[in-house]
Amino acid sequence: MLLIKAEIKKWKRSRILIGIILLTVILNLFAIERAFSISRESPIMDSFGDLYCLAFKNITFVFLPVVIGIVSTMLFFEEKKNDTLKNVLITSVSRFEVFLVKFILIELLTLFLMALTYISSVLGAVLSIGFLDFNLVTLKEAAILYILAALLIPIAMLPVIYIASFSKSYVLPISMCLIYLGIGIFGASILVHIHPLASLLGVYQNVSSAAKEMVENSIGYSLNVSQFSCLLSILSIGIVFFILAIKSMKRQNY
């Protein structure tokens, strides 16, 4: 708990974190602007599902994985550079605890950004009016979709976080993050049970009809997979890279 509080104090002084929040707000405002400017007679904005899926896609498909790549790199590299991690490890804190705290912080940041996006979507629907399906059912569907993404995207990004844990610069983890993201997006059909980001699409499409349409419109087809198998794939690969990251940190000398 003390480690988490210490990390949060450092984050409060980070300009990068402020920039991430501002960019999230801008992307959310873009979705709200679409809700105001597009007629409810248009098939691309005739339901609340269209709005919350647009805001969701803006944040989760590219922006959030890149943010996690940058933040994880910053968390590990800056501490090595400033010898902060060395001082922490002198105490009774284990490398497992250090990595776990950093991963929890990434999860908390993701939850915060997704909560901000969800609130923006609801606010946009209320202010722009005209969504006939704006009710408790669609609010619940949107909440489930957003919570799943907030919890699973950091797990799906553990291969990149693993690289960040031993990298000695920003170049390798950020480069691998972009490559990893590109493969996940463009190879979704054949890598759905191999690549965690591709598997996420299989999870999303089973949440609601609007989410299914979002995935189909994004990649051009529907993924013929079960939500459970995709979840199992994400968690299995995530656990493997979590363990690898712990072992990597134990081998390193600070």
Side-chain angles (χ1 to χ4, degrees), residues 1 3-4 7-8 11 17 20-21 24 27-28 49 52-53 55-72 75 96-97 99-122 138-162 164-165 177 180-181 184-185 188 191-208 210-212 214-215 218 223 225-246:
M1 193 65 185
L3 273 176
I4 293 176
E7 289 285 357
I8 290 174
W11 273 26
L17 181 59
I20 288 169
I21 294 171
T24 303
L27 288 171
N28 291 339
Y52 78 69
C53 283
F56 179 87
K57 186 166 66 172
N58 287 347
I59 295 296
T60 61
F61 276 41
V62 175
F63 178 71
L64 203 48
V66 171
V67 163
I68 291 172
I70 293 171
V71 168
S72 59
L75 283 171
F96 169 78
E97 290 173 305
F99 183 82
L100 181 62
V101 164
K102 293 184 185 303
F103 182 72
I104 289 172
L105 284 171
I106 292 169
E107 282 280 7
L108 289 174
L109 174 63
T110 309
L111 281 165
F112 172 74
L113 297 179
M114 292 308 297
L116 184 62
T117 305
Y118 178 78
I119 292 168
S120 299
S121 298
V122 174
T138 53
L139 284 169
K140 181 183 176 182
E141 289 175 348
I144 292 171
L145 181 65
Y146 280 55
I147 291 169
L148 278 173
L151 294 175
L152 292 177
I153 291 176
I155 297 173
M157 290 299 292
L158 271 165
V160 173
I161 298 173
Y162 159 66
S165 71
C177 176
Y180 181 73
L181 176 60
I185 292 173
L191 300 175
V192 70
H193 287 127
I194 300 171
H195 196 299
L197 290 180
S199 296
L200 281 174
L201 298 178
V203 175
Y204 298 157
Q205 73 172 10
N206 287 286
V207 172
S208 67
K212 183 178 177 63
M214 172 190 70
V215 172
S218 299
L223 295 171
V225 292
S226 73
Q227 190 176 47
F228 176 77
S229 63
C230 290
L231 279 170
L232 186 62
S233 174
I234 294 166
L235 294 175
S236 300
I237 295 171
I239 289 169
V240 168
F241 279 94
F242 189 94
I243 294 169
L244 287 174
I246 301 298

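We count residues from 1, following the sequence as given. Keep in mind the model is a prediction, meaning the values are calculated, not measured.
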field: Identified side chain to side chain contact (heavy atoms under 4.5 Å, CB included) counterpart of Ile243 within the set Ile246, Val240, Ile239
entry: Ile239
task: Give me the one residue out of Ser233, Ser236, Ser229 that meets side-chain hydrogen bond (donor to acceptor under 3.5 Å, both in side chains) with His193.
output: Ser229
- request: Any chance you could measure Leu113, atom CG, to Leu108, atom CG, to the nearest 0.5 Å?
  value: 11.0 Å
Which atom of Ala188 lies closest to which atom of Leu223, heavy atoms considered: O-CD2, 4.1 Å
field: Atom pair CG (Asn28) and CD1 (Ile119), whose distance is rounded to the nearest 0.5 Å
entry: 10.0 Å
query: Angle class for the Phe61/Phe56 ring planes (parallel below 30°, perpendicular above 60°, tilted otherwise)?
result: perpendicular
- prompt: Mind checking what makes side-chain contact (heavy atoms from CB on, under 4.5 Å) contact with Leu181, not counting sequence neighbours?
  reply: Val62, Pro65, Val66, Ile185, Leu197
query: Does a side-chain heavy-atom distance below 4.5 Å link Leu200 with Thr60?
result: no
- prompt: Tell me, do Ile68 and Ile161 make a side-chain contact under 4.5 Å, heavy atoms counted?
  reply: yes
query: Rounded to the nearest 0.5 Å, what separation is found between the CG atom of Leu109 and the CD1 atom of Ile104?
result: 14.0 Å
- request: Give a yes-or-no answer on whether the side chains of Tyr146 and Ser121 include a donor-acceptor pair shorter than 3.5 Å.
  value: yes
Shortest non-hydrogen contact between Lys212 and Gln205, atoms and distance: CB-O, 3.4 Å
- request: Could you tell me whether the side chain of Tyr118 and the main chain of Leu139 form a donor-acceptor pair under 3.5 Å?
  value: yes
query: So do the side chains of Thr24 and Val67 get within less than 4.5 Å of each other, counting heavy atoms only?
result: no
query: Does Val203 offer a backbone N or O that forms a donor-acceptor pair with the side chain of Gln227 under 3.5 Å?
result: yes
task: Measure the SG-CD distance between Cys53 and Glu141 for me, rounded to the nearest 0.5 Å.
output: 9.0 Å
- prompt: Ser72 and Gly69: which non-hydrogen atoms are nearest, and at how many Å?
  reply: OG-O, 3.1 Å
task: Would you check if there is a donor-acceptor pair between the side chains of Tyr52 and Ser208 at a distance under 3.5 Å?
output: yes
- prompt: Can you name the residues that form a side-chain contact (heavy atoms from CB on, under 4.5 Å) with Ala150, not counting sequence neighbours?
  reply: Thr110, Leu111, Met114
task: Give the minimum heavy-atom separation between Ile237 and Pro159, together with the two atoms involved.
output: CG2-CG, 4.5 Å
- prompt: If you round to the nearest 0.5 Å, how far is CG of Asn58 from CZ of Phe63?
  reply: 10.5 Å
query: Which value, rounded to the nearest 0.5 Å, describes the distance between Ile234 atom CD1 and Ile155 atom CD1?
result: 8.0 Å
message: Checking ring pair (Phe, Tyr, Trp, His ring centres under 6.0 Å) between Phe99 and each of Tyr162, Phe241, Phe242, which is the one that passes?
response: Phe242
